[in-house]
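Positions are given from 1 along the sequence.
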Amino acid sequence: MTIPFYKYQGAGNDFIIIDEREVVYLPDLAERNKTISWLCDRKFGIGADGLMLLRKHEKFDFQMVYFNSDGFEGSMCGNGGRCLVAFAAHQKIISNTTTFTAIDGRHKAEIKQTSDASMIVSLQMKDVTEIKLIDDGLFLDTGSPHYVLFTDALANMDVYKKGKYYRNSTLFGSGGANINFAQLINGVIHIRTYERGVENETLACGTGITATAIAAYHKGLIRNNQQVPFKAMGGNLSVSFQALQPGLYQEVFLEGPAQRVYKGEIKI
């Protein structure tokens with residue numbers, strides 16, 4: 001079978017996108033996980049942090065189905081969601097606003113700027129209803145579980161080694177967590193993230209950036225809750241939210257770039 005695909009990236013977080021509105025290219029069969037892992041492999045396949053399927057939905061503009069690069073269906077991916085919104089706009093499925101569904105429920109999004117292959121997309125994330133202090137960090141769920149640690153030496157951090165240690169810690173149960181290391185420098189939160197499913201550091205993580213913005217506010221490191229600026233390894237993003245009370249945050253939005261890189265075909 002020959003599969004048409006698109007490659008997108010958001011702040012260096014890159015994704016394979018397959019349009020399954022008319023044809024189901026990757027049915028839920030035993031070999032699907034193996035095939036997706038191969039497609040995401042950077043040496044033998046296309047190469048990506050994850051793969052997304054865009055499917056029709058009766059109640060929403062579309063459905064997002066997300067897989068980590070290990071081939072298994074993952075929790076919500078913020079940068080992936082923003083890239084899928086850009087893809088839907090490029091395919092004329094939506095205009096400048098949309099409502100779609102993902103594994104963690106309904107999401108709203110708006111395209112703020114557009115220029116050919118690039119867009120600035122603002123994506124509403126799920127509400128945060130609980131923040132836990134675990135050892136020296138904060139644990140919260142922004143569509144994916146995240147552990148946030150603040151440091152004064154981010155640039156020299158061995159993110160792979162320390163991230164892998166915490167990711168597999170018994171602190172977070174059998175599912176583990178994504179691990180974020182952050183440092184506030186001149187009003188900008190610099191961040192590096194070890195992502196489960198990828199099992200390595202990625203250039204950006206949307207749900208991680210969202211979690212870190214809320215964690216920084218919760219700890220009193222920042223007072224601003226609108227357009228909180230972030231610098232990830234792959235680019236700049238921002239987060240806005242409403243703080244209703246400690247541990248309860250709503251109207252959470254992740255904003256940043258989403259770019260079409262190329263389209264192609266691959267045989268499986």
- With side chain to side chain donor-acceptor pair (under 3.5 Å) as the test, would you mind laying out the steps for Arg196 and Ser75 before giving the verdict? CA-CA 10 Å; Arg196 64 176 191 169; Ser75 47; 3.2 Å; yes
- Is the closest side-chain heavy-atom distance between Ile214 and Val148 below 4.5 Å? no
- Lys/Arg N to Asp/Glu carboxylate O, Asp19 vs Lys263, below 4.0 Å: no
- Nearest heavy-atom approach of Ala88 to Leu54 is CB-CD1, 4.2 Å
- Note on the structure: Here the pair of heavy atoms bringing Ala204 nearest to Gly10 is CB-O, 4.3 Å
- Partner residues of His107 under the ring pair (Phe, Tyr, Trp, His ring centres under 6.0 Å) criterion, sequence neighbours left out: Phe100
- In short, Ile16 meets Ala48 closest at the heavy-atom pair CG1-CB, 3.7 Å
- State, yes or no, whether a side-chain contact exists between Thr207 and His146 at a heavy-atom distance under 4.5 Å. yes
- Task: With rounding to the nearest 0.5 Å, note down the distance linking NZ in Lys231 to CZ in Arg192.
- Result: 12.5 Å
- Query: Is there a side-chain contact between Leu26 and Ile3, using heavy atoms and a 4.5 Å cut-off?
  - Reply: yes
- Message: Looking at every non-hydrogen atom in both residues, tell me the closest pair between Gly187 and Pro229 and how far apart they are.
- Response: O-CG, 3.4 Å
- Can you sort out the partners of Asn68 under side chain to side chain contact (heavy atoms under 4.5 Å, CB included), two or more places apart, ordered by chain and number? Tyr66, Asp70
- Beyond-backbone contact of Ile120 with Pro257, side-chain heavy atoms, under 4.5 angstrom: yes
- In terms of heavy-atom contacts, does NZ of Lys7 have more than 12 from other residues, nucleotides or ligands at under 6.0 Å? yes
- Query: Has Lys34 got more than 12 heavy atoms of other residues, nucleotides or ligands less than 6.0 Å from its NZ?
  - Reply: no
- Message: Tell me every residue that passes ring pair (Phe, Tyr, Trp, His ring centres under 6.0 Å) with Tyr8, counting only those two or more places apart in sequence or in another chain.
- Response: Phe87, His90
- Message: Apply side chain to side chain contact (heavy atoms under 4.5 Å, CB included) to residues Asp14 and Val261 and explain how you reach the verdict.
- Response: CA-CA 9 Å; Asp14 60 338; Val261 182; over 6 Å; no
- Looking at CD1 of Ile103 and NZ of Lys126, how far apart are the two atoms once the value is rounded to the nearest 0.5 Å? 11.0 Å
- Query: If you measure from CE on Met125 to CE on Met76, what distance do you get to the nearest 0.5 Å?
  - Reply: 5.0 Å
- Pick out which of Leu248, Asp141, Thr142 makes a side chain to side chain contact (heavy atoms under 4.5 Å, CB included) with Val128. Thr142
- Flag side-chain contact, heavy atom, 4.5 Å: Leu39 against Phe5: no
- Message: Apply side chain to side chain contact (heavy atoms under 4.5 Å, CB included) to residues Ile93 and Arg21 and explain how you reach the verdict.
- Response: CA-CA 11 Å; Ile93 300 170; Arg21 285 177 297 161; 3.3 Å; yes
- Query: Is it true that a side-chain atom of Ser37 and a backbone atom of Asn33 form a donor plus acceptor pair closer than 3.5 Å?
  - Reply: no
- Query: Going by atom types alone, do Glu110 and Ser122 pair a side-chain donor with an acceptor below 3.5 Å?
  - Reply: no
- Message: Do Ile134 and Tyr166 make a side-chain contact, defined as non-hydrogen atoms from C-beta onward lying under 4.5 Å apart?
- Response: no
- Note on the structure: Applying side chain to side chain contact (heavy atoms under 4.5 Å, CB included) to Leu203 and not counting sequence neighbours gives Met233
- Glu58 side-chain N/O to Phe60 backbone N/O, donor-acceptor pair under 3.5 Å: no
- Task: Evaluate whether atom CZ of Phe44 has more than 12 neighbouring non-hydrogen atoms of other residues, nucleotides or ligands under 6.0 angstrom away.
- Result: no
- Query: Checking Ser240 side chain against Gln227 main chain: does a donor-acceptor pair fall under 3.5 Å?
  - Reply: yes
- Item | From CA spacing to verdict: salt bridge (charged side-chain N to carboxylate O under 4.0 Å, His left out), Arg82, Glu255 | CA-CA 8 Å; Arg82 294 189 310 96; Glu255 184 173 315; over 6 Å; no
- Query: Hey, does the side chain of Gln183 reach the backbone of Asp152 with a donor-acceptor pair shorter than 3.5 angstrom?
  - Reply: yes
- In Å, rounded to the nearest 0.5 Å, how long is the span from CZ of Phe62 to NE2 of His57? 11.5 Å
- Going from CG on Asn79 to OG1 on Thr202, what distance comes out if it is rounded to the nearest 0.5 angstrom? 8.5 Å
- For Phe241, which residues count as a ring pair (Phe, Tyr, Trp, His ring centres under 6.0 Å) partner, sequence neighbours excluded? Tyr217, Tyr249
- Message: To check you understand the geometry: which heavy-atom pair defines the closest contact between Gly71 and Ile36, and what is its length?
- Response: CA-CG2, 3.8 Å
- Task: Could you grab the distance from atom CG of Asp49 to atom SG of Cys77, nearest 0.5 Å is fine?
- Result: 8.0 Å
- Task: Decide side chain to side chain contact (heavy atoms under 4.5 Å, CB included) for Tyr147 and Asp135; before the verdict, give the C-alpha distance in whole Å, the side-chain angles of both, and the deciding distance to 0.1 Å.
- Result: CA-CA 10 Å; Tyr147 187 56; Asp135 288 348; 3.8 Å; yes
- Counterpart residues, ring pair (Phe, Tyr, Trp, His ring centres under 6.0 Å), relative to Tyr25 (two or more places apart): none
- Task: Measure the shortest side-chain to side-chain distance between Trp38 and Ile266 over non-hydrogen atoms and say whether it is less than 4.5 angstrom.
- Result: yes
- Item | side chain to side chain contact (heavy atoms under 4.5 Å, CB included) between Glu199 and Lys164, worked out | CA-CA 7 Å; Glu199 305 307 333; Lys164 185 176 182 179; 5.9 Å; no
- Task: Would you mind checking if Arg167 and Glu195 are paired as a salt bridge, meaning a charged N to carboxylate O distance below 4.0 Å?
- Result: no
